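Read the structure below first, then the notes.
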Amino acid sequence: MEIKVLRHFIAVVQEEGVTAAAEVLRISQPALSRQIKDLEGEMGATLFVRGNRGRALELTHEGQLLYRRACEIVELADRTRSEIASGEQVEGDVHVAAAQTAVMDVLAKAAVHVRELHPGVRIQLHDDYGENIMERLNNGLADFGVLVQPADMSRYDHLPLPGGDRMGLIMRPDHPLAARSGVQPADLQGLPLIVPKGALARRDLSGWYSGSLRPFDIVGTMNLTYNASRFVRAGYGCALSLEGLVDTGEGSGLTFRPLEPTLRASLSMAWKKSQPLTPAARAFLDCVREVVGETARS
């Protein structure tokens with residue numbers, strides 16, 4: 001399986017057709033079509049749904065799987081080439097996959113510092129949640145992952161990050177709970193909730209929410225809070241979220257009330273034990289450790 005052919009396959013998917021992809025790639029359409037047919041033969045599977053003349057090409061289930069993996073393989077190949085070209089120079093990209101959290105202020109300060117020391121370093125952020133962050137770490141697509149705890153950290157070295165966001169409920173200002181200073185477990189009875197996927201997997205509320213109460217009325221899940229906040233504003237439900245991830249100020253159409261008793265998220269920055277860090281990643285880690293130390297002393 002050649003990297004070049006995978007790049008061409010990705011182009012066909014992104015351009016939604018062989019003709020458009022051939023123009024972008026500056027190769028002939030018959031040559032590109034042969035590459036796709038040969039790739040299907042190599043994979044032993046049909047990658048595109050045929051017979052939809054005049055419409056954009058659609059991927060089969062096998063095609064969707066290959067597209068996802070092809071993007072990862074090409075990204076990893078490009079990263080490897082860049083890292084080899086950089087050698088021992090402290091420059092290049094540092095890839096950080098992170099959950100949405102205000103604790104990212106720590107990494108932001110470290111990013112400012114590392115670029116003051118090494119202007120050739122660039123920070124590439126990838127917003128996601130627990131399982132996907134771990135997958136990027138395990139596949140070598142991320143140097144670091146910011147993970148909400150608890151999480152299985154057996155494969156990683158990690159650095160606990162200071163602070164911790166309060167968990168609470170995002171709602172419309174005209175919601176009955178908006179008149180209160182906080183949200184208690186009984187308040188969630190029968191309340192339509194949009195919850196983070198990671199919070200369900202980690203059972204974040206298991207110690208806060210009594211087992212004697214009815215299960216949550218979950219009407220949706222989310223990876224990122226911004227999109228969920230639009231549903232809240234439209235009246236679809238309330239969203240369980242960490243504080244400070246979306247604008248809940250006056251005029252925003254939203255408000256935030258913390259859970260009572262207080263529940264805070266604990267976060268760590270993790271990196272794979274068996275994966276050597278690039279000089280740029282090592283420099284960034286040193287700066288994160290420095291900022292964490294300064295925060296602890298203040």
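Bear in mind that the values here come from a model prediction, so they are computed numbers and not experimental data.
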Would you indicate whether the side-chain heavy atoms of [Y] and [X] approach each other to under 4.5 Å?
X	Y	result
Arg289	Leu159	yes
Leu277	Trp271	yes
Met171	Thr255	yes
Leu267	Leu147	no
Val291	His113	no
Val195	Phe216	no

**OP:** Give the intermediate values and the outcome of side chain to side chain contact (heavy atoms under 4.5 Å, CB included) for residues Val96 and Asp143.
**Re:** CA-CA 6 Å; Val96 180; Asp143 298 298; over 6 Å; no

**OP:** Please check if the distance between the ring centroids of Phe9 and Phe48 is under 6.0 Å.
**Re:**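 Here the rings of Phe48 and Phe9 have centres that are less than 6.0 Å from each other.
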
**OP:** Verify, without hydrogens or angle tests, whether Asp247 (side chain) and Ser252 (backbone) share a donor-acceptor contact under 3.5 angstrom.
**Re:**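 No.
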
Is it true that, when you exclude [X] itself, more than 12 heavy atoms of the residues, nucleotides or ligands shown sit nearer than 6.0 Å to its [atom1]?
X	atom1	answer
Tyr67	OH	yes
Glu2	CD	no
Arg155	CZ	no

Original post:
Is Ile10 reachable from Ile27 through a run of I, L, V, M, F, W or Y residues, each pair having side-chain heavy atoms under 4.5 Å apart?
Top reply: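 Yes, it is one cluster - the side chains of Ile27 and Ile10 are joined through contacts under 4.5 Å.
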
**OP:** Establish whether Leu285 and Leu137 are linked, either directly or via other cluster members, by ILVMFWY side-chain heavy-atom contacts under 4.5 Å.
**Re:**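 No; Leu137 is not reachable from Leu285 via cluster members.
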
Original post:
Apart from Val112 itself, what residues make up its hydrophobic cluster, given side-chain heavy atom links below 4.5 Å?
Top reply: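 Its cluster partners, ordered by chain and number, are none at all.
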
**OP:** Let me know which of Leu169, Thr248, Leu245 forms a side-chain contact (heavy atoms from CB on, under 4.5 Å) with Phe256.
**Re:**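 Considering Leu169, Thr248, Leu245, a side-chain contact (heavy atoms from CB on, under 4.5 Å) with Phe256 is found only for Thr248.
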
**OP:** Please identify each residue that fulfils salt bridge (Lys or Arg N to Asp or Glu O under 4.0 Å) with Asp174, with sequence neighbours left out.
**Re:**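 Salt bridge (Lys or Arg N to Asp or Glu O under 4.0 Å) list for Asp174, sorted by chain: Arg172.
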
Original post:
Does Glu15 have any salt bridge (Lys or Arg N to Asp or Glu O under 4.0 Å) partners at least two apart in sequence or in another chain, and if so, which?
Top reply: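 For Glu15, no residue satisfies salt bridge (Lys or Arg N to Asp or Glu O under 4.0 Å) once neighbours in sequence are set aside.
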
**OP:** Identify, with sequence neighbours excluded, every residue that meets side-chain contact (heavy atoms from CB on, under 4.5 Å) alongside Asp187.
**Re:**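 Checked Asp187 against side-chain contact (heavy atoms from CB on, under 4.5 Å); matches are Leu177, Arg180, Val183, Gln184.
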
Subject >> side-chain contact (heavy atoms from CB on, under 4.5 Å) against Glu72, all qualifying residues, sequence neighbours excluded >> reply: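 Listed in chain order: Arg68, Arg69, Glu135, Asn139, Leu141.
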
**OP:** Output yes when Asp157 and Lys273 qualify as a salt bridge under the 4.0 Å nitrogen-oxygen rule, no when they do not.
**Re:**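 No.
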
**OP:** Mind checking ring pair (Phe, Tyr, Trp, His ring centres under 6.0 Å) for Tyr226 and listing every partner two or more places apart, or none if nothing turns up?
**Re:**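 None.
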
**OP:** Take Leu32 and Val12, measure what side chain to side chain contact (heavy atoms under 4.5 Å, CB included) needs, and give me the verdict at the end.
**Re:** CA-CA 9 Å; Leu32 183 56; Val12 171; 3.8 Å; yes

